[in-house]
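Scroll down for the structure; my scribbles are underneath it.
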There are 2 protein chains.
Amino acid sequence: MKFNSISPQAIEALSAIVGSGYVLLPAAADEMLRYTHDETEDLRYEPELVLKPANAKEISSILKYCHENYIPVTPRGAGTGLSGGALAVHKGVVLSTERLNSILNIDERNLQATVEPGVITQVFQEAVIARGLFYPPDPSSRGSCFLGGNLSESSGGPRAVKYGVTKDYVLNMEVVLPTGEITWTGANVLKNATGYNLTQLMIGSEGTLGVITKIVFKLIPYPPQTLVMLVPFRKEEEACAAVSQIFMAGIVPSALEFMERDAIEWTNKFLNLNLSLPEDIRAHLLIELDGKDMDLLYQDAEEVYEVLEKFDVGDILVADTEKQKADLWHLRRNVGHAVKSNSIYKEEDTVVPRAELPVLLKGVKEIGRKYNFKSVCYGHAGDGNLHINIVKGEMSDEDWKHKLPEGIKEIFKLCVALGGTISGEHGIGLVQKSYIGIALNEVQLRLMRGIKDTFDPHGILNPGKIF
Amino acid sequence: MKFNSISPQAIEALSAIVGSGYVLLPAAADEMLRYTHDETEDLRYEPELVLKPANAKEISSILKYCHENYIPVTPRGAGTGLSGGALAVHKGVVLSTERLNSILNIDERNLQATVEPGVITQVFQEAVIARGLFYPPDPSSRGSCFLGGNLSESSGGPRAVKYGVTKDYVLNMEVVLPTGEITWTGANVLKNATGYNLTQLMIGSEGTLGVITKIVFKLIPYPPQTLVMLVPFRKEEEACAAVSQIFMAGIVPSALEFMERDAIEWTNKFLNLNLSLPEDIRAHLLIELDGKDMDLLYQDAEEVYEVLEKFDVGDILVADTEKQKADLWHLRRNVGHAVKSNSIYKEEDTVVPRAELPVLLKGVKEIGRKYNFKSVCYGHAGDGNLHINIVKGEMSDEDWKHKLPEGIKEIFKLCVALGGTISGEHGIGLVQKSYIGIALNEVQLRLMRGIKDTFDPHGILNPGKIF
């Protein structure tokens, strides 16, 4: 694909669409800075132009112009992505959705809400809770990430284990195609057997098929009661094994999170928490139960204890005050930051059928020994979604650059062999692109490329991502 | 698209793939008969050849041959479809999946199951219940329909209101593409952010993008307790209005079914049930609650009563024995058959946001008066999914053929205006194809045609359906 760089005429034409107050050029280096990176490692790509359109109509005009002139466009939400999806690797335009930030409607009669893509996830969560409603998807970055980005990367988070991921709450979307047409993808209904599922095709397409400009979400009644427990295990693999045993006992927790000792220890230090961690504890499970009735949650907790009795666990901490629960979640949500502050690292977003977690964890450690890297693992164990943070530590730059990718390949091959895949909720974006052949075969890739060509015949939208 | 009819050489080549015992020619008129229709009205299309392959490999060989020779192939499950999806409208081959009928694996450790597409839905439901597990999708035809057909038409059923539709339980599929390649569409995991969602694109594509040969389902723990109630209303529209009020009270029933008086009266006669129906009752809601704890269900039932107090309802029948519950479900499941036995009819599968149901129902009756047709309405009110059975009654053949489609168009336009669409769970297939432009715009249709071309460059798979 041959792209054009942005001419002075293009700058003029594109600026006229959004208004000069909503354009950034590289000369404005300070303001431009945040559009050159996301939360993926330390990658930096400077675009030629940042545009901040106000609505679908302006986005349509931008895309039409860029389509006709073969100018790459990289759509961007809050820039909290972990796979480099929002990076302008082919230069061109970064199209920020930050001004499309309204909750347009919360429809209590239909348990639906219509929002723009630039709404922060937590802002939306709280707005619907205020009406007694629940939007369960809950990525760790919920305080800063945008809903549009959540859709683009098919985000999950801890509550997916009971409630499903972002995609399960999207009924319909308004999108602008790379060619400039504005269309809805479906209808505002819970069931739809009318043509191909364009809504689900667009979700998780990492901004390569269209720019989302409105989202219609399904909501559910808010479960008012929760109970959170932190369970210490003396063996990592037993913590993983307990996960599938809990489900097999007929309990569906609203969260079931795994944290290796290092994950919790580093976060303990990072947040100055003074949590006591006995020497022999190797891992923790954070288990949340939710529902309408507190008595029933205590009954469920009893059943969880019965399962846990079969394992070598330490003292279980049960949180039932709001403060205690918030503290435990604060701990869990900060593991990523704590690891990041500790060392240069790479995060892998592996996912396998949940009962295969002990095999995956064991395999990761073996591969680490073989390639001489240390890893800190944590994640959404209830979904079989394990975040593997590979820390650079003492590794040489040479090994980090050339040997480590071989180790990552082995990890990904193990995931696929276990029935899993290479990304559960972060997307492929830029950084996992070279591994895509491990997860997808040539036939699947051919179909995806064909779909891409149908939507984006000039290949201008987020080029250089996924495949 | 120009297709070739089947030559003697083609018969020979295709018969050699499956073995002569698994081939039907029109000469075998009696055996052929069932492959000429599905459950859609009284439509009949005779294929040139019926093939009954044993596995994906044979299906691959068939499709490769037909792709190369431009021979149309219509995949077929149990033939219980209601939109004509399994009809060989361009003649050619009917490819029956009836021999791919094994439950390959029920994985209790991962709460997953792998099955072939020719397994009957109820057989699968019961096999997993025997392990304490639950596969909630539950179309009315569950005693005879195939799981592969459920996927192809994006089936729903009564429990979708709490548990979601068929698509929400599919993790992965093995499919044979129209060009003959065999591939999986995803991975066996609950979260997947690895490339475009081919799994969800394939579901609901009505056999136009590939032939499903294996399905990996997600299962959940079986909720052991249920409570069913039949609530009579003196006004149809109040029954519809109560539906969204129940959800707004924070209750999520496992089924919430609406039946107009005629629906229940005709079924009462059809099944010889001797159900007493006071003169002033115009409609019923069948409400099912489910969960782990019977006391909690009675508490939920109290909350439902509180909502119902605001409406003009008759005596509520509460079923809590297995026999009573089975009787009520038997009644509900037979409404379709009862209507069918009563008159020539056309069934529309409308869906709107649930709070718009009263508007839809009122509109349908008004349109009926304008075009002089009678309708019997029932369906999955909790999902806003209303099955409108238009009965021919006294209508002239002329009006039935030429005037009625105008009335149907008005109904569909009303659905779309209310935020809904023209099929919730039956698919577009053949019989709704001429109305597709009401639900989908030219942009959406262009994208869908492009996807179709990518998967099926010669257009051989189930031609003449959807668009």
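Throughout, a chain's letter reflects where its sequence line sits, starting with A, and its residues are numbered from 1.
When side chains are defined from C-beta on, B:Phe455 counts as touching A:Ile451, because their heavy atoms get closer than 4.5 Å. When side chains are defined from C-beta on, B:Thr194 counts as touching A:Ile436, because their heavy atoms get closer than 4.5 Å. In this structure, A:Ile203 and B:Gln200 have side chains that are not in contact, with every pair of non-hydrogen atoms separated by 4.5 Å or more. A:Val189 has its side chain within reach of B:Thr421: a pair of non-hydrogen atoms, C-beta onward, lies under 4.5 Å apart. Contact check for A:Leu111 versus B:Arg354: side-chain heavy atoms found under the 4.5 Å cut-off. At a threshold of 4.5 Å between non-hydrogen side-chain atoms, the residues A:Thr454 and B:Asp453 do not count as touching. Contact annotation: the side chain of B:Leu296 never approaches that of A:Lys292 to less than 4.5 Å [non-hydrogen atoms, C-beta and beyond]. Looking at B:Leu177 and A:Leu447, their side chains come closer than 4.5 Å, going by heavy atoms from C-beta outward.
In this structure, the separation between CG on A:Asn192 and CD1 on B:Ile422 is 9.5 Å, given to the nearest 0.5 Å. One finds the NZ atom of B:Lys191 at 9.5 Å from the OG atom of A:Ser155 (value rounded to the nearest 0.5 Å). Note that CG of A:Asp293 and CG of B:Asp293 are 8.0 Å apart. Values are rounded to the nearest 0.5 Å. Between atom OH of residue A:Tyr196 and atom CZ of residue B:Arg449 there is a gap of 10.5 Å, rounded to the nearest 0.5 Å. The CG atom of B:Asn441 sits 11.5 Å away from the CD1 atom of A:Ile182 when rounded to the nearest 0.5 Å.
With respect to chain A, the highest number of heavy-atom pairs below 4.5 Å among B:Gly424, B:Gly450, B:Gly384, B:Pro221 belongs to B:Gly424. Most heavy-atom pairs under 4.5 Å with chain B, from the set A:Val216, A:Asp349, A:Leu209, A:Asp295: that is A:Leu209. Among the candidates A:Lys452, A:Arg131, A:Lys465, the residue making the largest number of heavy-atom pairs closer than 4.5 Å to chain B is A:Lys452. For the set B:Ser205, B:Gly132, B:Ser244, B:Gly419, the entry with the most heavy-atom pairs within less than 4.5 Å of chain A is B:Gly419. The candidate from B:Pro223, B:Ala355, B:Gly156 with the greatest count of non-hydrogen atom pairs under 4.5 Å with chain A is B:Ala355. Interface summary for chain A: among B:Ala249, B:Gly382, B:Gly250, B:Gly186, the most heavy-atom pairs under 4.5 angstrom belong to B:Gly250. Your options are A:Cys415, A:Gly195, A:Pro353, A:Pro224, and the one with the most heavy-atom pairs under 4.5 Å with chain B is A:Pro353. Of the listed residues (A:His426, A:Gln245, A:Glu181, A:Glu108), the one with the most heavy-atom contacts under 4.5 Å to chain B is A:Glu181. For the set B:Leu133, B:Thr185, B:Leu190, B:Asp383, the count of heavy-atom pairs under 4.5 angstrom toward chain A peaks at B:Asp383. When the candidates B:Val416, B:Ile466, B:Val351 are compared by the number of heavy-atom contacts under 4.5 Å with chain A, B:Val351 comes out ahead.
Here the closest non-hydrogen pair linking A:Gln444 and B:Trp184 is NE2-O, 2.6 Å. Heavy atoms only, all atoms of each residue included: A:Arg109 and B:Glu356 are closest at NH1-OE2, 3.4 Å. Closest non-hydrogen pair, A:Glu153 versus B:Ala193, comes out as O-CB, 3.5 Å.
Interface residue A:Leu440: only side-chain heavy atoms are found under 4.5 Å from chain B. If you measure heavy-atom distances from B:Phe134 to chain A, you find no contacts under 4.5 Å at all. Heavy-atom distances place the side chain of B:Asn385, and not its backbone, under 4.5 Å from chain A. For A:Tyr222, no part lies near chain B; criterion is any non-hydrogen pair under 4.5 Å. At a 4.5 Å heavy-atom cutoff, the contact between B:Glu206 and chain A is made by side-chain atoms alone. With a 4.5 Å cut-off on non-hydrogen atoms, B:Gln432 does not touch chain A at all. Only the side chain of B:Leu198 comes within contact range of chain A, judged by heavy atoms closer than 4.5 Å. In this structure, the portions of B:Glu425 lying under 4.5 Å from any heavy atom of chain A include both its backbone and its side chain. Interface residue A:Asp300: only side-chain heavy atoms are found under 4.5 Å from chain B.
Listed in order of number, the residues of residues 161-174 of chain A that approach chain B to under 4.5 Å between heavy atoms are A:Val165, A:Lys167, A:Asp168.
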Problem set entry | Stepwise side-chain contact (heavy atoms from CB on, under 4.5 Å) check, A:Thr179 with B:Arg446 | CA-CA 12 Å; A:Thr179 38; B:Arg446 189 192 77 213; 3.8 Å; yes
